[in-house]
Amino acid sequence: MSTHRPPTLASAGQPSWRHRRLDPDHSLGLRLTLAATAAFLVLVPFALLALLVLGAWAPLHRLDGAVTDALHGYALDHPAWVTVMRIWSEVFAPMPLRAVALLVVIWLLRRGARRLALWAATTMVVGGLFGPLLKLLVGRDRPELLDPVARAAGYSFPSGHALNATLAAGVLLLVFLPYTGRGAARVALWVAAVLLTVVTGLSRIALGVHFTSDVLGGWLLGVAVVAATTAAFTSWRAHTGLRPVRPARDGVAPEVERHPGAA
């Protein structure tokens with residue numbers, strides 16, 4: 001007795017879920033898959049670092065202590081260095097950076113780039129909410145020094161300064177890359193973004209208010225948030241028929257520079 005089995009989607013000519021996710025002809029599925037993979041790969045080292053901090057892993061604890069002690073000794077002997085680091089840390093603190101991002105969002109809205117403004121605001125807000133939440137979950141105390149050169153309140157991991165500097169640098173970089181052309185201005189924008197991120201994080205270690213792993217955690221989390229929101233935005237672009245972009249080269253919405261309101 002024979003039985004008739006109805007054709008499956010695959011046998012009926014419909015591609016399987018796996019095929020749709022990896023087929024270059026299905027650009028949205030491929031981009032979403034690559035975006036999810038990239039976000040996962042960035043989050044893995046952050047999650048591992050958080051687990052090592054929670055578990056008080058001895059090698060990490062020794063490394064953090066050694067760097068903190070060395071930089072604290074240098075700070076005690078160089079008051080001018082402390083002043084520079086304190087000024088940098090205050091100028092590029094989370095609130096001033098959020099204010100700058102808000103001005104960029106308002107500017108984009110005035111140009112009619114509502115979706116791009118939404119992306120910038122979402123990136124800053126989501127990352128800004130993750131930071132305090134993870135601080136509470138991890139509950140790591142700040143470095144304890146006999147003669148501190150600076151003080152900060154709250155828990156230590158991840159560094160809010162490092163996180164927000166990474167978020168702001170990512171937003172500003174990806175919004176303004178289309179305005180730089182292909183020459184020195186593009187290089188200068190990249191250098192400025194990297195310096196903002198790196199020096200802000202290092203200033204917190206130099207002042208003795210964060211461990212090295214706190215700053216590294218802030219950087220990793222910031223990169224993960226920017227990567228995730230950028231991937232979502234570029235996937236939306238593919239879905240609506242806009243031309244594909246390479247964010248690190250073109251920014252997230254290069255057409256806005258020539259045609260305000262296009263994104």
Side-chain angles (χ1 to χ4, degrees), residues 42-98 100 127-128 130-170 172-173 190-226:
V42 175
L43 283 173
V44 164
F46 173 80
L48 177 60
L49 181 61
L51 289 174
L52 294 177
V53 169
L54 279 169
W57 190 48
L60 180 63
H61 179 74
R62 289 194 296 268
L63 176 62
D64 278 339
V67 174
T68 296
D69 291 342
L71 289 180
H72 182 59
Y74 184 85
L76 291 175
D77 295 333
H78 298 83
W81 166 253
V82 174
T83 300
V84 171
M85 290 293 97
R86 184 179 288 116
I87 292 173
W88 184 284
S89 184
E90 291 175 357
V91 171
F92 297 106
M95 288 308 297
L97 291 176
R98 290 167 186 161
V100 171
F130 271 136
L133 176 61
L134 288 167
K135 281 179 182 285
L136 290 175
L137 290 176
V138 176
R140 186 189 205 184
D141 293 327
R142 293 181 183 270
E144 295 183 2
L145 301 169
L146 292 177
D147 188 14
V149 298
R151 298 184 184 275
Y155 291 119
S156 191
F157 182 90
S159 165
H161 277 67
L163 168 60
N164 283 276
T166 306
L167 295 173
L172 296 175
L173 176 69
W190 266 103
V191 170
V194 171
L195 283 177
L196 170 61
T197 303
V198 173
V199 178
T200 302
L202 293 180
S203 72
R204 305 304 284 170
I205 307 172
L207 292 172
V209 295
H210 274 296
F211 294 109
T212 302
S213 55
D214 298 333
V215 169
L216 180 58
W219 287 337
L220 289 172
L221 181 59
V223 170
V225 171
V226 172

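Since this is a predicted model, take the numbers as computed values, not measurements.
Phe211 CZ to Asp141 CG: the interatomic distance, rounded to the nearest 0.5 Å, is 8.5 Å. The CG atom of Leu216 sits 8.0 Å away from the CZ atom of Phe157 when rounded to the nearest 0.5 Å. To the nearest 0.5 Å, atoms CG (Leu167) and CG (Leu97) are separated by 9.5 Å. Taken to the nearest 0.5 Å, the OG atom of Ser159 stands 9.0 Å off from the CH2 atom of Trp219. Once rounded to the nearest 0.5 Å, the distance linking NE2 of His161 with OG1 of Thr166 reads 12.5 Å. With rounding to the nearest 0.5 angstrom, the CG atom of Leu71 is 10.0 Å from the CG atom of Leu207.
Of all non-hydrogen atoms in Thr197 and Ala165, the two that sit nearest each other are OG1-O, 3.8 Å. Of all heavy-atom pairs between Pro96 and Val91, the closest is CB-O, 3.3 Å. Minimum interatomic distance between Gly131 and Pro158 (heavy atoms only, all atoms of both residues): O-CD, 4.1 Å. The shortest non-hydrogen separation linking Pro94 to Gly160 is CG-O, 3.9 Å. For the residue pair His210 and Thr68, the shortest heavy atom distance occurs at O-OG1, 4.3 Å. The two residues Trp88 and Thr200 make their nearest non-hydrogen contact at NE1-OG1, 3.0 Å.
The list of salt bridge (charged side-chain N to carboxylate O under 4.0 Å, His left out) pairs with a residue in residues 84-93, not counting sequence neighbours, is empty.
Arg204 places no side-chain N or O within 3.5 Å of a backbone atom of Val209 that could act as its donor or acceptor partner. In this structure, His78 contributes its side chain and Gly73 its backbone to no donor-acceptor pair below 3.5 Å. Side chain of His61 to backbone of Trp57: no donor-acceptor contact under 3.5 angstrom is found. Using a distance-only test at 3.5 Å, with no hydrogens or angles considered, no donor-acceptor pair links the side chain of Lys135 to the main chain of Gly154.
Residues satisfying the side chain to side chain donor-acceptor pair (under 3.5 Å) test with Arg140, not counting sequence neighbours, are Asp64, Ser213, Asp214.
Counting only heavy atoms from C-beta outward, the side chains of Val215 and Leu202 never approach each other to under 4.5 Å. Counting only heavy atoms from C-beta outward, the side chains of Thr212 and Leu63 never approach each other to under 4.5 Å.
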| message | Run the side-chain contact (heavy atoms from CB on, under 4.5 Å) test on Leu137 and Leu134 for me, step by step, so that the C-alpha distance in whole Å, both residues' side-chain angles and the decisive distance to 0.1 Å come before the verdict. | response | CA-CA 5 Å; Leu137 290 176; Leu134 288 167; 4.3 Å; yes
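Looking at Leu51, Leu54, Leu133 one by one, the single match for side-chain contact (heavy atoms from CB on, under 4.5 Å) with Val138 turns out to be Leu54.
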